[in-house]
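Per chain, numbering begins at 1; letters A, B, ... match sequence-line order. FYI, side chains are in, hydrogens and waters are out, and symmetry mates aren't considered; it's all heavy atoms of this structure.
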Protein chains: 2
Amino acid sequence: MKHDVEELLKTHGVKPTPQRMVIAEFLLDTHSHPTADDVFQAVKDKLPVSLSRATVYNTLNALVAKGVIQEVTTEAGRVRYDANMSDHHHFVDIETGTVIDIPAETLNQIKLELGDQYKVRSFHVTIFGEVVSGKSKE
Amino acid sequence: MKHDVEELLKTHGVKPTPQRMVIAEFLLDTHSHPTADDVFQAVKDKLPVSLSRATVYNTLNALVAKGVIQEVTTEAGRVRYDANMSDHHHFVDIETGTVIDIPAETLNQIKLELGDQYKVRSFHVTIFGEVVSGKSKE
DNA sequence: TCTGTATTTAGAATAGTTCTAAACGTGGAC
DNA sequence: GTCCACGTTTAGAACTATTCTAAATACAGA
Ligand SMILES: [Mn+2]
Ligand SMILES: [Mn+2]
Ligand SMILES: [Zn+2]
Ligand SMILES: [Zn+2]
């Protein structure tokens with residue numbers, strides 16, 4: 001099999017229920033960075049029972065908490081989910097909103113070009129960390 | 001005066017009403033990257049009339065559309081507003097959520113250190129542009 | 001002054017997400 | 001094998017952020 005989803009969930013401490021398996025399987029099989037509703041729509045008919053949105057959100061939140069997937073935010077107010085946990089950045093096509101993975105080594109020293117496949121209009125570095133010294137600048 | 005808000009709005013094609021002036025003034029005076037509700041709370045008692053949330057959203061959207069301010073997204077599902085239109089990135093304190101401006105030249109060639117004031121835990125490059133060639137990777 | 005148009009307002013509507021309480025399912029304890 | 005406790009799922013209510021709607025208001029220009 002391409003993915004041993006059951007094993008993946010177990011090793012991350014998530015009990016592999018049918019709902020969680022089918023959600024994780026969908027995320028592992030796509031590169032589309034789907035929203036919660038995208039996941040719900042894609043998965044709801046793959047189960048013999050009706051699927052609740054609450055289960056989709058519970059599962060996505062659990063998978064994020066356990067490090068199986070990550071959240072990706074490319075536009076204000078839309079949360080997307082990503083099973084690609086390798087070190088990578090995101091290229092957003094400003095015409096379609098499509099989110100494409102860019103391996104970290106592709107950006108070894110940030111340049112304004114990414115090669116000829118992508119035309120960079122702008123980029124934004126979001127840094128997460130801690131303030132060490134107390135030099136307030138407000 | 002520190003800011004000629006009226007002139008700023010006029011030069012960007014936004015008619016300077018009292019509501020718009022007080023909202024723009026607040027944004028220009030802070031480095032706190034406030035949310036729409038932060039703006040509403042900060043500004044609502046500075047006007048002789050009651051202020052509607054719709055006006056706050058209308059104004060923020062108009063100022064973004066005209067390039068007077070920009071939206072900043074540092075955490076999933078929270079839109080913040082920023083009157084600093086210089087070329088800069090954002091440092092997010094992961095303990096408090098505080099958003100701090102980092103001038104672009106500080107990151108002349110992305111390193112994992114920012115100097116001793118900030119300890120970088122992780123960073124994410126979001127790139128906006130257009131796909132040129134048709135080499136689909138899905 | 002009159003009037004057309006832009007702006008503002010309060011509240012309804014919508015969208016995304018979380019919460020609640022009841023029903024369900026299942027892996028041990030016996 | 002039966003039972004039960006507990007984790008999971010479900011439907012729908014609740015909540016939050018934002019947008020929409022329709023009516024009132026402001027006001028620049030004729
Ligand atoms: Mn698969
Ligand atoms: Mn000022
Ligand atoms: Zn990705
Ligand atoms: Zn900023």
| query | Given the rule that a pair is Watson-Crick or G-U wobble with both distances under 3.5 Å, how would you write DNA chain D in dot-bracket, using | for pairs to a different strand? | reply | ||||||||||||||||||||||||||||||

| Gap between atoms CD1 and C1', on A:Ile23 and D:dT8 respectively (whole Å) | 12 Å

| For residues 37-46 of chain A, which residue pairs qualify under side-chain hydrogen bond (donor to acceptor under 3.5 Å, both in side chains), counting only residues two or more places apart or in two chains? | A:Thr35-A:Asp38, A:Asp37-A:Arg53, A:Gln41-A:Lys44

| request: Quickly work out the B:Leu60 CG to C:dT7 P distance and round it to whole Å. | output: 15 Å

| Contact under 4.0 Å: B:Ser52 side-chain N or O vs C:dG11 OP1/OP2 | no

| request: Provide the closest heavy-atom pair for B:Thr55 versus B:Ile23 in the form atom of the first, atom of the second, distance. | output: O-CD1, 4.4 Å

| note | Rounded to whole Å, the CD-P distance (B:Gln41 to D:dT16) equals 13 Å

| said: For the CG atom of A:Leu63 and the CD atom of A:Gln70, what is their distance to the nearest 0.5 Å? | reply: 12.5 Å

| remark: One should read off an interatomic distance between B:Leu8 CG and B:Lys66 NZ, to the nearest 0.5 angstrom, of 12.0 Å

| query | Side-chain N or O of B:Ser50 less than 4.0 angstrom from OP1 or OP2 on C:dA10? | reply | yes

| field | Distance in angstrom units between A:Asp38 CG and C:dA15 P, rounded | value | 15 Å

| query | What integer distance in Å separates B:Phe40:CZ from D:dA17:P? | reply | 13 Å

| request: List the atom of A:Ala83, the atom of A:Leu27, and the distance in Å for their closest heavy-atom pair. | output: CB-O, 3.5 Å

| Polar contact flag, side-chain donor to acceptor under 3.5 angstrom, B:Asp29-B:His3 | yes

| field | Shared hydrophobic cluster for B:Val14 and B:Leu60 (ILVMFWY, side-chain gaps under 4.5 Å) | value | yes

| request: Just compare C:dT9, C:dT17, C:dG16 and give me whichever is closest to any side-chain atom of A:Arg78. | output: C:dG16

| said: Expressed as a whole number of angstroms, how long is the span from B:Arg80:CZ to D:dT16:C1'? | reply: 15 Å

| query | Among D:dT18, D:dT10, C:dT17, which nucleotide sits nearest the side chain of A:Leu51? | reply | D:dT10

| request: Can you tell me the distance, in whole Å, between the CG atom of A:Leu47 and the P atom of D:dA11? | output: 12 Å

| Nucleotide by nucleotide, 5' to 3', does protein get under 4.0 Å of the base (B), only the sugar-phosphate (S), or neither (-) in nucleotides 19-30 of chain D, counting heavy atoms? | BB----------

| field | Atom of A:Lys15, atom of A:Arg20 and distance for their closest heavy-atom approach | value | O-NH1, 3.1 Å

| task | May I ask you to say what B:Thr17 touches in the nucleic acid, namely base, sugar-phosphate or nothing, with a heavy-atom cut-off under 4.0 Å? | result | sugar-phosphate

| field | Steps toward side chain to side chain contact (heavy atoms under 4.5 Å, CB included) verdict (A:Glu71, A:Arg80) | value | CA-CA 6 Å; A:Glu71 296 183 338; A:Arg80 297 177 173 280; over 6 Å; no

| Spacing of B:Leu63 atom CG relative to C:dT7 atom P, expressed in whole Å | 12 Å

